[in-house]
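See structure below.
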Amino acid sequence: MIVDAHLHVDNVPALGWNMEAALCIDRMDEAGIDKGIIMTIVDAPAVNPEGIGLIADACAQYPDRLWAFARVHPWYGARSAELLEQAFELGFKGLKLHPVSTIAHPSGEDTLRLMRIAVAHNAPTLFHCGDEPMTTPLAVAAAAEVIPEAPVILGHMGGYFHVDEAIEVAERVPNLILETSAMPYPAKIREAVERIGADRVMYGSDGPVCSPRLEVEKVRLAGLSVEDERLVLADNALGLIQNVKRG
Amino acid sequence: MIVDTFAMVGDSLFGPSTTPEELLDVMAEAKIDRALVCPARPPSYDLVPANEALAAAVQANAERLVGFARVDPNVSGAAAQARHAIGELGLSGIFLHPWEETFRISGPSVNTVVDVARDADVPVLVAAGYPWLSEGLQVGELAGRFPTVRFIATNGGQINVSGLGQIDVELAMERCPNLYLQTAGVYREDFLENVVERFGADRLLFSSGFPSTDPRLEVQRPRSMHVDDATKAAVLGGNAVAMLGLN
């Protein structure tokens, strides 16, 4: 089994991007991926107040294939918290945060409030983690250290130039999980497994427009053991979402 | 024919040191026929012997390797070094690395070196996408200043795991018909597909980025594009054959 922990469904006319659930399924099938976790490109309620509903509807189209994460903008106070709670009531499995679009620092109180809601639902928080300010591994780790019971996923595990830093900080901060999407170095997946353990490295593609097929191949080229590869490609994601509570 | 339009060999100050033989081995594994190869930045900082060593390796493997001379425009005599490398050493183009040599690609320091490329009618390969020094529009500025020179930008002209630099690159591509992009490590296959659709398949070239990125993965990146087989063949090698005059 393969679980893709990072996929997008959204329609963003301003960018000319229309990523439908059917496209995700098509790309998943192309790559031999069984299940995927989808989230919007934009943040609710900021650009699209209906983002949670959009993702819920997409999952309803493919109930055996897709799970949902809620991408929420931390700056909307009670409305942000309410949206996240609604998402969990609908069966969402996690929180997605993207400081590039929100410019909300991971360690800011607005962000931490949402992360604590996720923790209360036994849910992980996935951060975009790349080379941009506010998204670097050290910036995200600052939030993870404040809430050590929160599973915090570094999406893209540091991007292009912060991958070594991602591995280093994950060695120090035990509630960090490295997610492999878009980062182009198969050898770094292996290194991460060797240094922090296969149970904290997780496959994602950032698809459908990053090729899930290529991203799966990247994990395979890391040359992991059969057991480690299974953890990375499926079991870690399943483990993170299996105990998420609705209420 | 599959042609990798960017690999580096030699002792490296910044990353893994590799030999031409190691490159040839990985080319064989990835079923890459030929490679455009440049010197890594040597620990001695002296590019003259690095270019000489590269030329010797290319001569010894003329059916497999094509060499570009690496020139640092900051040093006195850079233009003379470029002329010597193209003339006496028989190298086929010039490689500029603004990040590792620390100069702005659009600044005046590169002009005398690019003059040499223009006069010899050889391409200029630019390590592109690095912040402040070789951003997409900066590479475009240089390409606009030298409209008869073919400029090839590594990394799809931009390095960002949010895709933030892609619109700049598309602007540069629109303005500069003499600007070409490489595929290694590029975030999002739909960006590559869009380059083909908007600017033509001949403007995109497969590259591996060896040794920073893995040829075994990177050769699959053009294959992951949802384009027709003729386009894939052009990107994977046909464009390089035409540009570099390969048999």
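Here is the naming used below: chain letters follow the sequence lines, and residue numbers restart at 1 for every chain.
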Test item: side-chain donor near acceptor, Glu170(B) and Asn194(B), under 3.5 Å: yes
Contact winner vs chain B - Lys218(A), Lys188(A), His128(A), heavy-atom pairs under 4.5 Å: His128(A)
Pick from Ala187(A), Pro184(A), Ser181(A), Gly130(A): which one has the most heavy-atom pairs with chain B under 4.5 Å? Pro184(A)
Measure distances from Val209(A) to the heavy atoms of chain B and classify the residue's part below 4.5 Å as side chain, backbone, both or neither. both
Looking at every non-hydrogen atom in both residues, tell me the closest pair between Leu133(B) and Thr102(B) and how far apart they are. CD1-CA, 4.3 Å
Between Phe6(B) and Phe95(B), ring centroids under 6.0 Å: yes
Does any heavy atom of chain A fall under 4.5 Å from the side chain of [X], the backbone, both, or neither of them?
X: Asn155(B); answer: neither
X: Glu218(B); answer: side chain
X: Leu164(B); answer: side chain

Please step through side chain to side chain contact (heavy atoms under 4.5 Å, CB included) for the pair Leu178(A) and Arg200(A), ending with a clear verdict. CA-CA 6 Å; Leu178(A) 304 185; Arg200(A) 288 204 287 140; over 6 Å; no
Among the options Asn160(B), Ile167(B), Thr213(B), pick out the one with the most heavy-atom pairs lying under 4.5 Å from chain A. Asn160(B)
Electrostatic pair Arg70(B)-Glu101(B), nearest N-O below 4.0 angstrom: yes
